[in-house]
2 protein chains.
Amino acid sequence: MVGLGTIMAQTPIPFSERLAARIRERRNPVVVGLDPQWASIPSALRRGVDADHGADVAKVYRAFCLQILDAVGGLVPAVKPQLAFFEELGPRGLDTLLDVIDYARSLGLIVILDGKRGDIGSTASAYARAYLGAASPWRGDALTVNPYLGHDTLEPFEAAAVERGAGVFVLVKTSNPGSAALQDLAAPRERVYRQVARHVETMAARTSGPSGYGAIGAVVGATYPEQLAELRAAMPHAWLLVPGYGAQGAKACDVALAFDREGLGAVVNSSRAILYAFARPEYGDRFGEARWQDAAAEATRDMIDELAAARG
Amino acid sequence: MVGLGTIMAQTPIPFSERLAARIRERRNPVVVGLDPQWASIPSALRRGVDADHGADVAKVYRAFCLQILDAVGGLVPAVKPQLAFFEELGPRGLDTLLDVIDYARSLGLIVILDGKRGDIGSTASAYARAYLGAASPWRGDALTVNPYLGHDTLEPFEAAAVERGAGVFVLVKTSNPGSAALQDLAAPRERVYRQVARHVETMAARTSGPSGYGAIGAVVGATYPEQLAELRAAMPHAWLLVPGYGAQGAKACDVALAFDREGLGAVVNSSRAILYAFARPEYGDRFGEARWQDAAAEATRDMIDELAAARG
């Protein structure tokens, strides 16, 4: 028998290693983003439900996300619930988020909580405990974090992540058209996003494990491929979470540079292009709306194949 | 009788004007920050409660925040719940947050939700709807927003705020020691925080009402008084939300420059120094822990007086 003392003293397996193992096992780096949006959800799930009643919408979001997990959960290593869409429904939306996280974990998926949190001092510590701490009620594996408040504000997230074997993805270069406004500003020594990247690399290096990667990663959009390549080189110890694939226009060849020779070092997210694949002609024509789960699974398999082909 | 059509067509009173009216009425610009932290809460409220059980802790946070509102709700114009401390408790913490917001509103207080949200595209729109939209389940009056993702990502917040008569406070210069790392970087034309300030002023000016202030304000820490004065001048149409007073070390004279001649244009937040005033010798000696509500009210009155004296 393993005594309680032994269990308490066990070092958790670091996020970097769990993510690497799951990617090797599933043989692909795809993250399915869970962005439930009322108007896009298959009409069969919405029928007879009052869109103005948050608790009822929360039930539809729950059914939709769980069925998406049934469709794609066996294919990919990780999912990324987007907290905004659950927060929009009030506390009942967050009950749904918890159910979605628990179900994803039961399928063996890594759960990256996309909350883009960030604050100072004791508040940063509260966010770190909330989403990364040993007593986190949300039980995600990683959290996205915003660096605008300064490097000191990232420390509580790093500490909580290391303690529990969780992960952090710091926003470095985001995928939206306006991301240049601040992130690309040319400070005397280097651009703002390079400043952030330098600090992320420091934190990633000091938490790195056998995979070569650490607990602190970076969000780097796929919509600026040159900067993606530059940032891959600047942060050799950081897992990259790459958004912008699919609905935002980035292609497989754009993200190929995010990976190391083993195919590790990055995960690539797609949300709407998978969740609502049935609404895209190339899948809708084959599956129809009624077979929306099959459309989601097929879109996931196609993305996996595209990334594999581009990495060559 | 007022017909439904008339009600539907009514333009909501803008946040800038509601805040100005409430400050005039209460004759002070103090915001009490609601940061419930387990270890700091009066022991009488914690007695017999299991700190590891989120739902029970949520009940203690609810009792504490509602009793703080009883103590200070008649003194100040606004309160600022810090979302992190409620999120830390899971969905039951967010039930508590909703109760706290509703109770604060029932007392006529302006409620500034301190969530520091920010994201891109459809996700930014979801956060805007969640916290500022007409159907927001949270029903706050304003939200703090992080600008790192770019100016385009602030637009959904501005649109939702204007539509409902709500407010936004964009992080410009935060109060923490490490805030200089990014915010003070010297870009070719101006520092990063000045870039953000310039955009905030544009949004504030185009939404400004009779008070002279707009729907989009700025968070500017009181711990860097010279930059506070500089940013006051750079954003003449923006309400400033000024943290850092009290527990973080800023004094009344440091924040005096945030106000216009009428005493408008800024609100000053204090959280721990008021909530846990009973633990400060100057109040604890007089009131004792049992009279923690009286200590909170007295600390609030003292802060009101200090600010009035400093504004001269």
Side-chain angles (χ1 to χ4, degrees), chain A residues 35 37 52 54 82 84-85 87-95 97-98 114-127 129-131 133 135-138 146-153 171 174-183 185-188 192 195-196 199 243 248 272, chain B residues 35 37 52 54 82 84-85 87-95 97-98 114-127 129-131 133 135-138 146-153 171 174-183 185-188 192 195-196 199 243 248 272:
Chain A
D35 294 20
Q37 304 194 46
D52 294 330
Q82 177 53 264
F85 296 104
E87 291 174 48
E88 194 183 344
L89 304 181
R92 294 298 72 73
L94 295 152
D95 285 331
L97 173 65
L98 204 49
D114 198 353
K116 299 189 172 63
R117 297 302 198 255
D119 212 301
I120 70 170
S122 62
T123 309
S125 296
Y127 276 130
R129 287 194 305 271
Y131 293 105
S136 167
W138 304 103
N146 187 312
Y148 184 72
L149 288 92
H151 300 340
D152 58 332
T153 66
L171 305 183
T174 58
S175 56
N176 54 309
S179 66
L182 257 79
Q183 298 163 27
L185 282 179
V192 170
Q195 291 269 135
V196 178
H199 190 66
Q248 289 183 55
R272 284 167 284 168
Chain B
D35 295 20
Q37 303 194 47
D52 294 331
Q82 178 50 265
F85 297 104
E87 290 174 47
E88 193 183 346
L89 304 180
R92 294 297 73 73
L94 295 153
D95 285 330
L97 173 64
L98 204 48
D114 198 354
K116 300 189 172 64
R117 298 303 198 254
D119 212 301
I120 70 170
S122 62
T123 309
S125 296
Y127 276 129
R129 286 193 306 269
Y131 293 105
S136 167
W138 305 103
N146 188 312
Y148 184 72
L149 287 94
H151 300 341
D152 57 333
T153 67
L171 305 182
T174 58
S175 56
N176 53 309
S179 66
L182 256 79
Q183 296 162 29
L185 283 178
V192 170
Q195 290 269 134
V196 178
H199 190 65
Q248 291 183 55
R272 284 167 285 169

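Owing to the predicted nature of the structure, the values given are computational and were not obtained by experimental measurement. In the text below, chain A, chain B and the rest are named by the order of the sequence lines, each starting its count at 1.
Note: B:Ser125 OG to A:Gln37 CD = 9.0 Å, rounded to the nearest 0.5 Å. If you take CG on B:Asp152 and OG1 on A:Thr174, they are separated by 8.0 Å, rounding to the nearest 0.5 Å.
Residue A:Gln82 touches chain B through its side chain alone, counting heavy-atom pairs closer than 4.5 Å. Residue A:Ala135: no heavy atom, backbone or side chain, is found under 4.5 Å from chain B. Contacts between B:Pro147 and chain A at a heavy-atom distance below 4.5 Å involve backbone atoms as well as side-chain atoms. Proximity to chain A (any heavy atom under 4.5 Å) is shown, for B:Leu94, by both the backbone and the side chain. Only the backbone of B:Leu89 comes within contact range of chain A, with heavy atoms under 4.5 Å apart. Interface remark: B:Leu171 contributes backbone and side-chain atoms alike to the contact with chain A (heavy atom separation under 4.5 Å).
Taking every heavy atom of both residues into account, B:Pro91 and A:Trp138 meet most closely at CD-CH2, 3.6 Å.
The salt bridge (charged side-chain N to carboxylate O under 4.0 Å, His left out) test applied to A:Asp114 returns A:Lys80, A:Lys116, not counting sequence neighbours. Annotation: side-chain hydrogen bond (donor to acceptor under 3.5 Å, both in side chains) contacts of B:Tyr127 (sequence neighbours excluded): A:Arg117.
Looking at B:Asn176, its side chain does come within 3.5 Å of a backbone N or O of A:Leu149 through a donor-acceptor pair.
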